[in-house]
Amino acid sequence: MVPSVTYNLIWSVIRRIPKGRVSTYGRVADICGLIGQSRLVGYALHALPRDTKVPWYRVINAQGRISFPERSEAYRVQKRFLESERITFKQGKIDLTRFGWPPDAEVRRRRT
DNA sequence: AACGTGACAAGGC
DNA sequence: AGCCTTGCCACGT
């Protein structure tokens, strides 16, 4: 698959998420200038090759949760990656005020 | 070419 | 808290 310019942009932003921090689909979209297009970020992640170096596991949803079914293998893999970077879960959620990146991210603006 | 579906998010109730 | 609806857009049928 030939990644589009947009996917490359999204991936490059995800590559900038520091180790030990997480971002959200919405924040990544905002940084890319793609306001409101969080789903596109999810789609770009889905399109990543399996052997990628892009830290896909540092992207979670706005509720601070991993966006895979809790039972799935993917969920466990992602959680293990995050915990290996000393990110902690409380009731299955990550505290974005503590681990979120960028740290000064504003609450996403409401659509019109 | 319409239609349904997503690793989403926010509002309303 | 949880469910439903809407906005968004790329893809596969």
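Residue numbers begin at 1 in each chain, while the letters A, B, ... track the order of the sequences.
Sorted pairs that involve residues 12-23 of chain A and meet side chain to side chain donor-acceptor pair (under 3.5 Å), not counting sequence neighbours, are lacking altogether. Applying the salt bridge (charged side-chain N to carboxylate O under 4.0 Å, His left out) test to pairs two or more places apart or on separate chains, those with a residue in residues 60-77 of chain A are A:E73-A:R76. Counting only residues at least two apart or in different chains, side chain to side chain donor-acceptor pair (under 3.5 Å) contacts with residues 39-55 of chain A are absent.
Atom name P, nucleotides B:dT5 and C:dC4: the rounded distance is 15 Å, in whole Å. Taking atom P in both C:dG7 and B:dA7, the straight-line distance is 22 Å, to the nearest Å.
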Can you check nucleotides 4-8 of chain B for protein contacts, nitrogen or oxygen pairs under 3.5 Å, and list what you find?
unit_1 : atom_1 : unit_2 : atom_2 : d
B:dG6  : N9     : A:R39  : NH2    : 2.9
B:dG6  : N7     : A:R39  : NH2    : 2.8
B:dA7  : O4'    : A:S67  : O      : 3.1
B:dA7  : N3     : A:Y25  : OH     : 3.0
B:dC8  : O2     : A:S38  : OG     : 3.0
B:dC8  : N4     : A:R39  : NH1    : 2.4

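Rounded to an integer number of Å, the gap from CD of A:Q63 to P of C:dA1 is 11 Å. Distance, A:I66 CD1 to B:dA9 C1': 18 Å, rounded to whole Å. What separates OH of A:Y7 from P of C:dC9 is a distance of 13 Å, to the nearest Å.
With sequence neighbours excluded, the residues forming a ring pair (Phe, Tyr, Trp, His ring centres under 6.0 Å) with A:F81 are A:W56, A:Y57, listed by chain and number. A:N8 meets the side chain to side chain donor-acceptor pair (under 3.5 Å) test with no other residue; sequence neighbours excluded.
Of the inter-residue distances, the one linking A:I31 atom CD1 with A:I10 atom CD1 reads 11.5 Å to the nearest 0.5 angstrom.
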